Chemist: 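Have a look at this one before I ask anything.
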Amino acid sequence: MENELKINNSKTVLITGAGSGMGLATAKILIKNGFKVWAGIRDPESRNIKKSNILRDYAKRLNKEVQIVDLDIHFEQSCENAMSHIISKDKKIDILIHNAAHLFIGFAEQFTPEQYASSLNKNFLGVHRLNRAAIPHMRNERNGLILYVGSGITAITAPFMAPYVIGKTAMDQLAENTSYEINRFGIESSILMPGVFMEGTSHFDTAEFPKDKSLDESYLELKADFDNYEKGLRNLFRQEDAPIEGVAEKILEIIQLPKGTRPLRPTIDYSDYGAEAVNAVREAMTKRVFDIMEYSHLQKVCTI
């Protein structure tokens with residue numbers, strides 16, 4: 001499913017969580033299309049060396065290159081070190097793709113406050129840490145694209161994933177608010193909102209569950225609904241397949257759009273989740289408010 005455009009692309013791209021799922025698929029399609037890909041992976045030469053080697057082997061088979069950078073978005077110093085290393089080698093960062101995320105599944109009350117903080121740390125604060133490392137370089141060049149892999153669940157929420165929904169929603173709002181402030185510097189933002197993807201990611205394999213087991217009996221009345229969650233999600237599919245490569249192809253499509261034409265909230269969805277309708281209303285109402293406040297110019301990226 002990987003499209004290969006007949007171009008010579010020298011843009012420098014950093015992808016977080018590039019060792020699996022959507023991040024891995026995105027790294028592969030960008031490597032194939034000639035981008036200078038920096039794959040952000042935690043401990044890439046020790047516990048995650050297999051992930052690093054998968055990308056290296058893939059690039060080698062295509063006679064291409066990939067750069068692996070040690071990146072842990074939980075720590076500001078790691079973000080700064082990774083970005084400094086990229087700048088020292090390539091003198092620029094053209095595209096930053098925020099892909100790393102962590103899923104939480106269970107009843108909202110059973111998650112401890114520390115687990116909610118953990119979700120915010122991984123799904124939201126890590127994004128802000130890396131933005132703070134990357135934006136100064138993009139601002140100096142008055143150019144760049146920050147692409148966030150968000151979720152349709154921030155438009156239409158669903159039960160049994162409260163910490164994840166909250167973390168992703170926080171990231172979504174950070175992305176939108178930041179976009180209005182960096183558009184003037186020629187830095188474009190796009191929040192890709194995937195729909196339901198059941199296979200091809202490590203989300204469900206590595207999902208975190210509630211730690212407060214003392215409430216198990218209190219939620220027995222909801223056990224049938226909880227157990228039906230996967231079936232309920234699959235009921236949304238319009239077709240049998242929801243290939244994870246579709247997300248990577250959509251990211252490539254967004255990147256290849258001319259500057260100033262990239263949508264703020266594109267979607268990639270093989271299901272009937274329906275985030276597009278919510279996004280359309282949000283976009284129209286935001287335009288109305290910004291026009292009244294005389295802030296409409298903040299919605300447009302500077303292309304000069």
Side-chain angles (χ1 to χ4, degrees), residues 5 7 9-16 26 29-30 33-38 79 83 86-87 90-99 124 127-152 154-155 168-194 247-268 275-276 278-304:
L5 304 182
I7 56 172
N9 205 321
S10 60
K11 289 184 178 178
T12 297
V13 185
L14 171 61
I15 308 169
T16 68
T26 301
I29 201 170
L30 295 185
N33 282 277
F35 289 84
K36 178 67 177 291
V37 174
W38 289 87
C79 294
M83 190 56 58
I86 293 169
I87 297 300
D90 289 353
K91 313 303 179 188
K92 62 174 183 171
I93 176 69
D94 296 302
I95 302 166
L96 171 58
I97 300 176
H98 291 293
N99 166 75
F124 161 63
V127 169
H128 184 55
R129 292 186 187 103
L130 194 52
N131 273 356
R132 281 170 51 83
I135 288 174
H137 300 288
M138 291 181 170
R139 187 168 54 241
N140 287 341
E141 297 293 324
R142 300 191 77 83
N143 188 52
L145 168 64
I146 303 179
L147 198 157
Y148 305 79
V149 180
S151 174
T154 63
K168 277 293 190 178
T169 301
M171 186 198 76
D172 181 284
Q173 291 303 302
L174 171 71
E176 181 174 348
N177 275 265
T178 302
S179 74
Y180 300 139
E181 298 169 8
I182 62 177
N183 275 340
R184 179 57 63 90
F185 305 113
I187 306 169
E188 199 161 13
S189 304
S190 193
I191 310 164
L192 178 60
M193 300 174 72
V247 176
E249 290 184 347
K250 188 67 176 182
I251 288 174
L252 177 63
E253 176 188 316
I254 294 166
I255 288 174
Q256 298 293 3
L257 289 172
K259 183 175 181 178
T261 68
R262 297 177 178 116
L264 179 62
R265 280 196 177 84
T267 61
I268 173 67
E276 295 86 355
V278 178
N279 290 342
V281 173
R282 177 160 50 185
E283 182 180 336
M285 295 307 294
T286 300
K287 182 180 184 305
R288 170 186 168 274
V289 170
F290 273 50
D291 285 347
I292 294 170
M293 295 179 69
E294 299 182 355
Y295 278 168
S296 58
H297 59 286
L298 298 181
Q299 293 181 280
K300 302 172 184 175
V301 68
C302 181
T303 57
I304 301 175

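Because the structure is predicted, anything quoted here is derived from the model rather than measured.
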Chemist: How many angstroms lie between NZ in K250 and OG1 in T267, if you round to the nearest 0.5 Å?
Modeler: 6.5 Å
Chemist: Quick check: does any side chain N or O of K259 sit under 3.5 Å from a backbone N or O of N143, one acting as donor and the other as acceptor?
Modeler: no
Chemist: Show the nearest heavy-atom pair for residues H98 and V127, with the distance to one decimal.
Modeler: CE1-O, 3.5 Å
Chemist: Which heavy atom of T154 sits nearest to which heavy atom of M193, and what is that distance?
Modeler: OG1-CE, 3.4 Å
Chemist: In the structure I gave you, are the side-chain heavy atoms of V149 and T16 within less than 4.5 Å of one another anywhere?
Modeler: no
Chemist: How about D172 and R265: do any of their side-chain heavy atoms sit closer than 4.5 Å?
Modeler: yes
Chemist: If you look at every heavy atom in K168 and G150, which pair is closest and at what distance?
Modeler: NZ-O, 3.8 Å
Chemist: To the nearest 0.5 Å, what is the distance between CD1 on I97 and CG on L145?
Modeler: 7.5 Å
Chemist: Can you name the closest pair of heavy atoms from A134 and L96 and give their distance?
Modeler: CB-CD2, 3.8 Å
Chemist: Start with the C-alpha distance between I95 and L30, add both sets of side-chain angles, then the distance that settles side chain to side chain contact (heavy atoms under 4.5 Å, CB included), and finish with yes or no.
Modeler: CA-CA 11 Å; I95 302 166; L30 295 185; over 6 Å; no
Chemist: Are the side chains of R288 and M285 in contact, using a 4.5 Å heavy-atom criterion?
Modeler: yes
Chemist: Could you tell me which non-hydrogen atom of M138 sits nearest to which non-hydrogen atom of I187, and how far apart they are?
Modeler: CB-CD1, 3.6 Å
Chemist: Between NE2 of H137 and CD1 of I93, what distance do you get to the nearest 0.5 Å?
Modeler: 9.0 Å
Chemist: R142 side chain to G186 main-chain N or O, any donor-acceptor pair under 3.5 Å?
Modeler: no
Chemist: What is the distance from atom CG of N131 to atom NE2 of H128, rounded to the nearest 0.5 Å?
Modeler: 7.5 Å
Chemist: Assign the ring pair F290 / Y180 to parallel, tilted or perpendicular, where the plane angle (0 to 90°) is split at 30° and 60°.
Modeler: tilted
Chemist: Any side-chain heavy atom of N99 sitting closer than 4.5 Å to one from T26?
Modeler: no
Chemist: Just do the side chain to side chain contact (heavy atoms under 4.5 Å, CB included) check on I146 and T178 with the steps written out, would you?
Modeler: CA-CA 10 Å; I146 303 179; T178 302; 5.6 Å; no
Chemist: Would you call K36-D94 a salt bridge at under 4.0 Å N-O?
Modeler: no
Chemist: Tell me, please, which residues at least two apart from R282 pass side chain to side chain donor-acceptor pair (under 3.5 Å).
Modeler: N279
Chemist: Assess whether atom CD of E283 is packed by more than 12 heavy atoms of other residues, nucleotides or ligands within 6.0 Å.
Modeler: no
Chemist: Over all heavy atoms of both residues, which pair between P266 and P263 is shortest? Give the atoms and the distance, please.
Modeler: CD-O, 3.5 Å
Chemist: Less than 4.0 Å between a side-chain N and a carboxylate O, is that true for D291 and K287?
Modeler: yes
Chemist: Could you state the interatomic distance from CG (L147) to OG (S189), rounded to the nearest 0.5 Å?
Modeler: 9.0 Å
Chemist: With a 4.5 Å limit on heavy-atom distance, are the side chains of T12 and W38 in contact?
Modeler: yes
Chemist: When rounded to the nearest 0.5 angstrom, what is the spacing between CD1 in I255 and CD in E188?
Modeler: 11.5 Å
Chemist: Do L130 and M83 make a side-chain contact, defined as non-hydrogen atoms from C-beta onward lying under 4.5 Å apart?
Modeler: yes
Chemist: Say whether, by atom type as modelled, one donor and one acceptor occur between the side chain of N183 and the main chain of S179 under 3.5 angstrom.
Modeler: yes
Chemist: Test your reading of the model: is there a side-chain donor-acceptor pair from D90 to the backbone of I86, 3.5 Å cut-off?
Modeler: no
